[in-house]
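Shown next, in structure tokens, is the structure this report addresses.
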Protein chains: 2
Amino acid sequence: MSIRKTGKVRVRRAPEDARANILAAAEKLLVERGPLALKLADVAAAAGVANATVIHHFGSIDGLHAALMERMVGQLIAEVLALAEKGGPTREDTQEAVFEALFEVFETRGAARLAAWLELTGEWRRVTHIREAIQSVIVRRASFGDVNPQQSLDLVLISVTLAMGAGLFGHALAELVGKPPGHAREVGMEMLRVFHAAQVAK
Amino acid sequence: MSIRKTGKVRVRRAPEDARANILAAAEKLLVERGPLALKLADVAAAAGVANATVIHHFGSIDGLHAALMERMVGQLIAEVLALAEKGGPTREDTQEAVFEALFEVFETRGAARLAAWLELTGEWRRVTHIREAIQSVIVRRASFGDVNPQQSLDLVLISVTLAMGAGLFGHALAELVGKPPGHAREVGMEMLRVFHAAQVAK
DNA sequence: TTTCTTATTGACATTTTTGTCAGTAGAGTC
DNA sequence: GACTCTACTGACAAAAATGTCAATAAGAAA
């Protein structure tokens with residue numbers, strides 16, 4: 001009777017699958033425990049592989065960070081676009097869907113935490129193609145037809161700012177003033193509606 | 001002719017001064033280079049003391065973090081209150097001053113970065129007395145007389161959320177859409193005014 | 001001046017985190 | 001089955017960061 005460690009033998013994945021597996025684990029860690037939990041050993045353990053495997057696929061811990069950002073930003077953009085598409089038939093519905101999508105992505109998913117991490121570490125400025133992607137999506141796609149271009153840009157700018165703020169601090173602040181977790185989001189969307197209407201009226 | 005290293009001999013400060021000196025250096029690092037730059041050696045170097053000195057005064061790097069939070073939160077609260085006091089004679093002026101104060105503190109000073117760091121690391125939840133301090137200030141002081149208590153609370157909540165979002169991401173986002181750095185702040189304050197007015201009207 | 005307290009420090013020890021490497025083992029191809 | 005390619009791994013090395021300690025010295029008190 002041969003003695004053999006319980007559990008898996010050794011999983012061998014296609015390179016892309018291996019990378020995806022590790023990145024998924026890393027993303028989960030980032031969202032749940034914050035950027036400081038992104039240690040090589042932690043990520044490897046979460047992904048169920050050895051430390052060396054992570055290095056093998058990403059070269060270094062920084063390489064992993066970069067790949068993770070790219071992945072998350074890509075998902076973020078895709079998600080905003082997808083949710084925004086789902087807007088109803090009228091213009092109001094569509095715009096409502098855009099607001100909804102922003103909060104959904106930044107608050108429910110970990111996008112706000114990712115963005116905060118990028119901002120705090122300054123890695124943000126280095127990844128120019130990420131900026132370009134965001135730029136093209138935000139500026140070109142999310143425009144509002146019923147206000148002038150200038151107002152539209154302002155509206156986009158402030159929507160994203162607010163959604164990010166709410167995504168990052170909304171829950172904590174709501175709890176602080178004794179409100180349910182989603183309250184900041186509700187008030188935020190209401191304020192955006194009011195502001196939008198005011199701009200249309202002008 | 002005795003050989004002697006150039007520069008200072010050995011500075012001996014009163015304990016509070018020593019702590020204040022180190023904390024000031026740490027705060028500068030945090031604001032300028034982000035939380036990841038808060039290494040023991042970096043802080044010590046920035047403060048012009050030995051690593052061991054930092055440990056001596058704060059016990060550990062975590063102790064330093066905690067003390068730094070306390071300091072910055074204290075400053076933050078004091079600053080908001082001071083700026084809010086400076087409001088002009090009319091009620092509109094005062095409320096304007098509150099908005100202004102929020103953006104000033106969160107955007108110009110590093111408060112938003114501190115808050116983001118706290119949120120990301122989760123240290124936030126541990127420091128209950130900080131939460132209480134914020135709570136008492138935010139909830140009790142910053143109330144708006146011309147709307148009902150419920151609306152007032154919402155207004156406070158959303159103001160802080162927006163100010164934090166703008167403080168953390170405002171510059172980057174503004175640059176992304178080709179606007180001057182202070183643009184997010186301006187639009188944000190405008191939106192708050194509009195929203196406030198809408199609530200008053202209701 | 002002498003004494004005493006303790007802030008300060010360099011040198012060192014410990015811990016944590018990252019990275020290297022030679023060898024192992026899946027999975028396809030011959 | 002033998003061969004090849006390379007994803008994968010454990011063990012180890014290197015680097016980075018934190019923390020310890022005995023000795024030093026600034027400044028107040030005696």
Side-chain angles (χ1 to χ4, degrees), chain A residues 2-26 29-30 33-69 117 120-123, chain B residues 2-26 29-30 33-69 71 117 120-123 126:
Chain A
S2 77
I3 298 177
R4 158 178 290 251
K5 281 225 192 86
T6 48
K8 57 149 183 283
V9 197
R10 186 194 267 194
V11 183
R12 185 193 174 101
R13 285 173 251 249
E16 302 84 52
D17 292 347
R19 289 173 57 95
N21 172 52
I22 294 169
L23 286 176
L29 270 183
L30 173 65
R33 296 220 243 287
L36 276 67
L38 281 184
K39 308 294 182 191
L40 182 57
D42 294 347
V43 172
V49 298
N51 293 15
T53 304
V54 176
I55 298 292
H56 172 71
H57 284 292
F58 298 98
S60 70
I61 191 70
D62 286 337
L64 175 73
H65 289 170
L68 179 59
M69 287 172 216
W117 183 40
L120 287 178
T121 57
E123 249 163 313
Chain B
S2 76
I3 299 180
R4 158 177 290 253
K5 281 225 191 86
T6 48
K8 55 152 184 283
V9 196
R10 188 194 264 197
V11 183
R12 185 193 176 101
R13 285 172 251 249
E16 303 83 50
D17 293 347
R19 288 173 59 94
N21 172 52
I22 293 169
L23 286 176
L29 268 183
L30 174 65
R33 294 220 241 289
L36 277 67
L38 280 185
K39 307 293 181 192
L40 181 58
D42 294 348
V43 172
V49 300
N51 293 16
T53 304
V54 177
I55 299 292
H56 172 71
H57 284 292
F58 298 97
S60 70
I61 191 70
D62 287 336
L64 175 73
H65 289 169
L68 180 58
M69 287 172 219
R71 173 192 158 100
W117 184 41
L120 285 179
T121 57
E123 250 162 313
R126 277 187 251 147

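Side-chain atoms are counted along with the backbone in the values below, which use heavy atoms only and exclude waters and symmetry mates. Sequence lines set the chain letters: A, B, ... in the order given, protein chains first and strands last, and positions in each chain run from 1. In this text the structure is predicted, and so the values were computed from the model without any measurement.
- Here D:dT18 is the nucleotide among C:dT8, D:dT18, C:dG19 with the atom lying nearest to any side-chain atom of B:Lys39.
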Working for side-chain contact (heavy atoms from CB on, under 4.5 Å), residues B:Leu68 and B:Phe58: CA-CA 10 Å; B:Leu68 180 58; B:Phe58 298 97; over 6 Å; no
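- Residue A:His57 forms a side-chain contact (heavy atoms from CB on, under 4.5 Å) with just one option from A:Glu16, A:Arg13, A:Arg19, and that option is A:Arg19.
- Closest approach to the A:Thr53 side chain among D:dG19, C:dG10, D:dC8 is made by D:dC8 (side chain taken as heavy atoms from C-beta onward).
- Side-chain atoms of B:Val49 and B:Val43, non-hydrogen and from C-beta on, never get closer than 4.5 Å to each other.
- B:Leu64 has its CG atom 14 Å from the C1' atom of D:dG19, to the nearest Å.
- Remark: the backbone N or O of B:Ala47 is paired with a side-chain donor or acceptor of B:Asn21 at under 3.5 angstrom.
- Atom CG in B:Asp42 sits roughly 12 Å away from atom P in D:dA16 (whole-Å rounding).
- Rounded to an integer number of Å, the gap from B:Ile55 CD1 to C:dA13 C1' is 14 Å.
- When rounded to the nearest whole Å, the span between CG of B:Leu29 and P of D:dA17 equals 13 Å.
- A close approach under 4.0 Å does occur between a side-chain nitrogen or oxygen of A:His56 and OP1 or OP2 of D:dA7.
- Looking at heavy-atom distances under 4.0 Å, B:Ala52 makes contact with a base.
- With distances taken from any side-chain atom of B:Arg12 to the nucleotides D:dT18, C:dT6, D:dT9, the minimum falls on C:dT6.
- Counting to the nearest Å, the C1' atom of C:dG26 and the CG atom of A:Asp17 are 14 Å from each other.
- The separation between A:Leu36 atom CG and D:dA17 atom P is 13 Å, rounded to whole Å.
- For the pair A:Glu16 CD and D:dA7 C1', the computed distance is 12 Å after rounding to whole Å.
- To the nearest 0.5 Å, the span separating CG on B:Leu64 from CG on B:Leu40 amounts to 8.0 Å.
- OP1 or OP2 of C:dT8 has at least one side-chain nitrogen or oxygen of B:His57 nearer than 4.0 Å.
- B:Phe58 places its CZ atom 14 Å from the P atom of D:dT18, with the value rounded to the nearest Å.
- Distance from the side chain of B:Arg10 is smallest to C:dT8 among D:dA17, C:dT8, C:dT18.
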